[in-house]
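Have a look at the structure below before the remarks.
Worth saying up front: this structure is predicted, and the values here are computed from it rather than measured.
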Amino acid sequence: MSNVRISERARAVAPFYAMEFGKHAAALEAQGHHVVKLSLGEPDFGAPPAVLDAMREAMDGRPLTYTAALGLPALRQAIARFYADQHGVEVDPARVVVTAGASAALLLAAAALVDPGDEVLIADPAYPCNRQIVESFGARVTLVPTTAEGLYQLTASSVRAGWTERTRGVMVATPSNPTGTSVPAGELAAICEAARERDAWRLVDEIYLDLGDHDEQGRPPRSALSFDPGAVVINSFSKYFGMTGWRLGWCVVPEPLVPALERLAQNYFLCASAPAQLAALACFTPESLAVCEARRVEFTERRALVLDGLRRIGLPVPVPPDGAFYVYFDVSGTGLTSWEFCERALREAHVALTPGRDFGVGTAETHVRLSYAASAEDLREGIARLGKFLATLG
């Protein structure tokens with residue numbers, strides 16, 4: 001139908017270049033090439049064994065009806081217990097909203113918080129879908145410049161400097177995609193306070209929180225809820241639990257927001273997948289949590305492998321990550337833009353990466369994201385191929 005009119009909203013959404021490079025990698029594989037895929041943040045482990053068993057049980061032929069729009073009560077309670085046990089934060093299960101992936105949690109939060117013309121502060125660089133969703137509801141996103149010295153993250157001073165009379169909220173991701181860096185807890189508390197004293201909402205993306213480094217006492221990173229109970233916190237089963245394709249996430253919201261999110265969820269997607277929710281209950285057993293912790297440790301070993309490999313082949317990493325499974329490295333010394341580097345690395349070395357253009361403005365042409373969610377074998381192979389590719393550049 002040539003006369004179909006595409007909405008301004010749809011026309012304004014930029015491609016998610018990580019997925020685009022993933023498509024090109026798949027096309028090369030279809031031609032018989034072995035592509036080392038380091039472009040997507042998709043853990044190679046998959047769900048913990050107990051979760052797989054629980055999914056098989058859930059798919060035993062029983063009727064799988066809709067759940068409540070806010071999620072299975074048992075799963076909401078399990079998530080609340082997880083905050084208490086893992087992060088020392090008491091969360092009322094009534095404030096937990098289970099969603100069809102963290103993206104749906106962000107969608108609900110943006111729908112509930114954003115009005116057309118509102119201004120929202122986000123770090124540059126940052127995960128692209130966060131700003132795309134907020135902009136879809138009519139917000140104006142201000143990308144706040146960051147520096148390597150500041151861990152490529154917002155600071156309380158940069159938030160105050162970027163604030164205007166139209167600013168209604170601030171979004172923080174810690175650890176961050178694409179950099180893998182975390183906002184120090186004291187700084188995050190100061191950012192939240194700067195927004196709170198201006199009567200603005202705070203949305204904290206904690207999707208990678210449980211893949212953050214533990215401190216010297218072996219304690220996991222603190223959730224923003226530990227010092228800002230009024231923040232909106234988003235999390236997911238995709239990363240720490242390795243369940244990307246299951247499309248299951250959650251958010252913790254202030255009590256007054258719950259009815260609004262319930263109405264929105266009822267209208268947007270009714271509920272998250274019933275079998276995925278049933279199976280996800282097994283994520284919080286001691287057995288599954290031990291599996292996930294062992295995997296977290298393995299990711300730190302893979303990180304060391306990648307950092308050492310990039311150093312050896314001459315690709316500098318301005319800020320080493322302390323969480324997630326990404327390394328954001330600088331290609332400006334190669335004479336190529338990040339886009340050119342990624343295109344040629346895929347075409348000539350068959351290594352899929354993600355250009356900085358996905359993540360903002362300041363590092364769009366100079367930096368490339370590598371995901372070390374792949375196996376150690378693939379990481380070694382990918383670094384070796386990149387080394388040979390760099391040698392051809394002279």
Side-chain angles (χ1 to χ4, degrees), residues 41 43 45 48 50 77-93 95-96 123 148-156 172-177 179-194 196 202 204-242 250 252 283-308 317-328 372-373 376:
F45 300 119
Q77 292 165 6
I79 291 169
R81 284 196 302 273
F82 181 68
Y83 277 98
D85 296 342
Q86 185 83 346
H87 299 289
V89 180
E90 294 297 326
V91 172
D92 184 348
R95 295 173 53 207
V96 177
E149 292 73 24
L151 307 177
Y152 293 126
Q153 289 279 11
L154 294 177
T155 63
V172 182
T174 178
S176 163
N177 176 4
T179 65
T181 62
S182 302
V183 182
E187 191 68 47
L188 182 58
I191 291 169
C192 291
E193 177 60 26
R196 188 167 56 245
R202 294 80 60 202
V204 184
D205 174 348
E206 294 186 346
I207 291 170
Y208 299 97
L209 180 68
D210 292 294
L211 289 174
D213 289 352
H214 290 195
D215 65 16
E216 294 178 355
Q217 286 73 45
R219 295 173 299 196
R222 294 174 64 187
S223 168
L225 296 170
S226 67
F227 43 75
D228 186 1
V232 173
V233 166
I234 289 175
N235 212 317
S236 173
F237 288 90
S238 291
K239 309 302 181 177
Y240 182 66
F241 295 106
W250 75 83
V252 180
C283 286
F284 301 105
T285 65
E287 173 191 7
S288 291
L289 292 173
V291 167
C292 292
E293 273 302 291
R295 292 172 174 181
R296 181 189 65 80
V297 172
E298 183 166 339
F299 278 133
T300 67
E301 295 167 356
R302 294 181 186 184
R303 180 204 308 166
L305 184 161
V306 168
L307 290 174
D308 179 64
V317 179
V319 186
D322 62 359
F325 33 61
Y326 304 112
V327 173
Y328 206 46
Y372 56 86

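- When all heavy atoms of Asp228 and Cys192 are compared, the closest pair comes out as OD2-CB, 3.3 Å.
- Shown here is Glu90, whose CD atom has no more than 12 heavy atoms of other residues, nucleotides or ligands within 6.0 Å.
- With hydrogens and angles ignored, the 3.5 Å screen pairs a side-chain donor or acceptor of His87 with a backbone N or O of Pro221.
- Taking SG of Cys292 as the start and CZ of Phe284 as the end, the distance is 9.5 Å to the nearest 0.5 Å.
- Here Tyr240 and Phe299 keep their ring centres 6.0 angstrom or further from each other.
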After noting the C-alpha distance and the side-chain angles of Arg295 and Glu298, does the key distance pass the salt bridge (charged side-chain N to carboxylate O under 4.0 Å, His left out) rule?
CA-CA 5 Å; Arg295 292 172 174 181; Glu298 183 166 339; over 6 Å; no
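- Atom CD of Gln217 is surrounded by more than 12 heavy atoms from other residues, nucleotides or ligands within 6.0 Å.
- With hydrogens and angles ignored, the 3.5 Å screen pairs no side-chain donor or acceptor of Lys239 with any backbone N or O of Phe325.
- For Gln86 (side chain) and Pro220 (main-chain N/O), no donor-acceptor pair under 3.5 Å exists by modelled atom type.
- Under the side chain to side chain contact (heavy atoms under 4.5 Å, CB included) criterion, Arg303 pairs with Asp213, Thr300, Leu307, Pro321, Tyr372, not counting sequence neighbours.
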Go through the steps to decide whether Asp210 and Phe82 satisfy the test side chain to side chain contact (heavy atoms under 4.5 Å, CB included), and finish with yes or no.
CA-CA 11 Å; Asp210 292 294; Phe82 181 68; 3.5 Å; yes
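- Counting all heavy atoms, side chain and backbone alike, Pro48 lies closest to Phe241 at CD-O, 3.3 Å.
- Not counting sequence neighbours, the partners of Pro175 by the side chain to side chain contact (heavy atoms under 4.5 Å, CB included) test are Ser182, Tyr208, Ala324.
- A donor-acceptor pair is defined here as one N or O able to donate and one able to accept, closer than 3.5 Å; such a pair exists between the side chain of Thr174 and the backbone of Val183.
- How far OG1 of Thr155 is from CG of Leu151: 10.0 Å, rounded to the nearest 0.5 Å.
- For Glu206 (side chain) and Ala224 (main-chain N/O), a donor-acceptor pair under 3.5 Å exists by modelled atom type.
- Ion pairing between a basic and an acidic side chain is recognised when a charged N comes within 4.0 Å of a carboxylate O; Asp85 and Arg81 show no such pairing.
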